[in-house]
Amino acid sequence: MEESRRFTVGYALAPKKKQSFIQPSLVNLACERGIDLVPIDTDRPLSVQGPFDCVLHKFYGEEWKAQLRDYAVKNPSLPIIDPPDAIERLHNRISMLQVVSELEIPQEKETFGIPSQIVVYDSMALSDYGAVGALRFPVIAKPLVADGSAKSHKMSLVYHRAGLLKLKPPLVLQEFVNHGGVIFKVYVVGDYVKCVKRKSLPDVSLEKLDSTEGSLSFSQVSNMTTQNRNNEEYYESLQLEAEMPPLSLLTDIARGLRQAMRLHLFNFDIIRDSKAGNHYYVIDINYFPGYAKMPSYETVLTDFFCHIVNKKSAEDGADSTVGGKGNEMKLLSSTYCGGTKDVESER
Ligand SMILES: O=P(O)(O)O[C@@H]1[C@@H](OP(=O)(O)O)[C@H](OP(=O)(O)O)[C@H](O)[C@H](OP(=O)(O)O)[C@H]1OP(=O)(O)O
Ligand SMILES: Nc1ncnc2c1ncn2[C@@H]1O[C@H](COP(=O)(O)OP(=O)(O)O)[C@@H](O)[C@H]1O
Ligand SMILES: [Mg+2]
Ligand SMILES: [Mg+2]
């Protein structure tokens, strides 16, 4: 019997990401299906490691980018998940959401957009009525840069103009939208889309707005555990009760973003306007998020790896042989990646 071909997916991940993503359950499932997940040593040239059938990375820096560029020139058919310049668009909270505004998706029963926002580069602008005047309070002040650092997740809910004065630009001031305390996180893995509910900031009533001064600082609220048991139960009940957005809307947005951004691995945060129940706001897009929190992440990611390496294998075969079609079939049938046949049809 013909020996099954194995594939190598090299990964370059920061230690925290490696710990959360490279779980034994993922490594074992991928291995059973013919994929070896192999760590990349980012301090050594890629060309002396591998060979790889795919490079997966969430790793930054000019040196790493130069390494990837060099390797891509030498291996033009190698899938790099994903190109650094495409990922960089998500490191700025303005360019990140611009792509949402540019999507051309027919909006019928449900509509979507992004909250009104402005970018502030210097402290003077915070006291300039002209610059801030058009915004409705409360607003959320978000660091402009979203580079994964703890600092880039530190935000403030600012109730009135006076609360802006102590903020440190560069930042984005974005109108806070009441959304029932529940956020929808939509995970995208290639063509696969999965939505989960998470807790979010509670609504701000007019009474609360009138009676509150200053601002409230917070960070990564959807991953936060509250100290107060009653609060925890309240948040859980909000999540249980919240109706999911229509899947067709989410898949349309996911597909549009995937194509426009040229990215395979990301999630986006979307909230439903409490006032107009059929209007949604996309508020955040994250590259290579915490997939281990997604149900069945091992299967979804393994299917994705199989799909990517089989596609490459078929393309390589077709390129290198006269009458490539027959060879492509042979290569596909001799690969060992149980279940990949179904990937396209399932999606
Ligand atoms: O750490 P996790 O598993 O909570 O994942 C973080 C994500 O949480 P989520 O999966 O959306 O709940 C998190 O999403 P949010 O920004 O919290 O919406 C980010 O994607 C974060 O990456 P970075 O700090 O922006 O580079 C992700 O952090 P890294 O795992 O990439 O460090
Ligand atoms: N415009 C908004 N209206 C209401 N809540 C928001 C808005 N923007 C952010 N939030 C809340 O703040 C949290 C963090 O904001 P987000 O832009 O997702 O930053 P991060 O990149 O740190 O996840 C969101 O998960 C949500 O709970
Ligand atoms: Mg977020
Ligand atoms: Mg984010």
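Excluded from the calculations below are hydrogen atoms, water molecules and symmetry mates; all remaining heavy atoms, backbone and side chain alike, are included. Order of listing sets the numbers, starting from 1, for every ligand and every atom in it. Counting from 1, the numbers follow the sequence of the chain as shown. Note that this is a predicted model, so its numbers are computed, not measured.
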Please work out whether any backbone atom (N, CA, C, O) or any side-chain heavy atom from C-beta onward of [X] is under 4.0 Å from ligand 2, and answer side chain, backbone, both or neither.
| X | result |
| --- | --- |
| Ile271 | side chain |
| Tyr281 | neither |
| Ile183 | side chain |
| Arg93 | side chain |

Open item on the list: Regarding Asp82 and Tyr287, do their side chains bring together a donor and an acceptor under 3.5 Å, going by distance alone?
Closed with: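 There is such a pair between these side chains.
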TODO: Would you tell me whether Lys194 and Ser296 have side-chain atoms, one donor and one acceptor, within less than 3.5 Å of each other?
DONE: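 No donor-acceptor contact under 3.5 Å links the two side chains.
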Under 4.0 Å from a heavy atom of [X]: give me the atoms of ligand 2 that qualify, with their elements.
| X | answer |
| --- | --- |
| Ile283 | 1 (N), 6 (C), 7 (C), 8 (N), 9 (C), 10 (N), 17 (O), 24 (C), 26 (C) |
| Phe218 | 12 (O), 13 (C) |
| His153 | 20 (P), 21 (O), 22 (O) |
| Gln174 | 1 (N), 2 (C), 7 (C), 8 (N) |
| Asp284 | 16 (P), 17 (O), 18 (O), 19 (O), 20 (P), 21 (O), 23 (O) |

TODO: Output the atom name for the N/O/S atom of Asp269 with the smallest distance to the Mg ion (ligand 3).
DONE: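 Relative to the Mg ion (ligand 3), the closest nitrogen, oxygen or sulfur of Asp269 carries the name OD2.
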Task: Proximity of Tyr281 and His179 rings by center, below 6.0 Å - done: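 For Tyr281 and His179, the ring centres are not under 6.0 Å apart.
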Open item on the list: Quick check on the 6.0 Å ring-centre criterion: do Phe21 and Phe288 meet it?
Closed with: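 Judged by ring-centre distance (under 6.0 Å), Phe21 and Phe288 do meet the cut-off.
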Nearest non-hydrogen partners of [X] and [Y], listed with the distance:
| X | Y | answer |
| --- | --- | --- |
| Lys197 | Val182 | CB-CG1, 4.1 Å |
| Tyr291 | Val188 | OH-O, 2.6 Å |
| Ser20 | Ala292 | O-CB, 3.4 Å |

Open item on the list: Below 2.8 Å, can you find an N, O or S atom of Ser152 next to the Mg ion (ligand 4)?
Closed with: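 So Ser152 does not bind the Mg ion (ligand 4) by this criterion.
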Open item on the list: Taking distance alone, with N or O pairs closer than 3.5 Å, would you say Asp269 contacts ligand 2?
Closed with: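 Asp269 vs ligand 2: N/O contact under 3.5 Å present.
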Task: Ion pair check, Lys65 and Glu62, cut-off under 4.0 Å - done: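 Looking at Lys65 and Glu62, the cut-off is met.
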- [ ] Measure from the Mg ion (ligand 4) to every N/O/S atom of Asp284 and report the name of the nearest one.
- [x]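 Among the N, O or S atoms of Asp284, the one closest to the Mg ion (ligand 4) is OD2.
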Task: Flag, side chain of Asp273 to backbone of His279, donor-acceptor distance under 3.5 Å - done: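 It does not hold such a pair.
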TODO: Answer yes or no: is there a donor N or O on one side and an acceptor on the other, between the side chain of Gln67 and the main chain of Arg44, under 3.5 Å?
DONE: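 Yes: the side chain of Gln67 pairs with the backbone of Arg44.
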Open item on the list: Nearest non-hydrogen contact with atom 27 (O) of ligand 2 belongs to which option: Pro289, Ser200, Pro115, Pro202?
Closed with: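 Looking at heavy atoms only, Ser200 sits closest to atom 27 (O) of ligand 2.
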TODO: Run the contact test for Glu175 against ligand 2 with a 4.0 Å cut-off on heavy atoms, strictly below, and give the result.
DONE: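 It does; at least one heavy atom falls under 4.0 Å.
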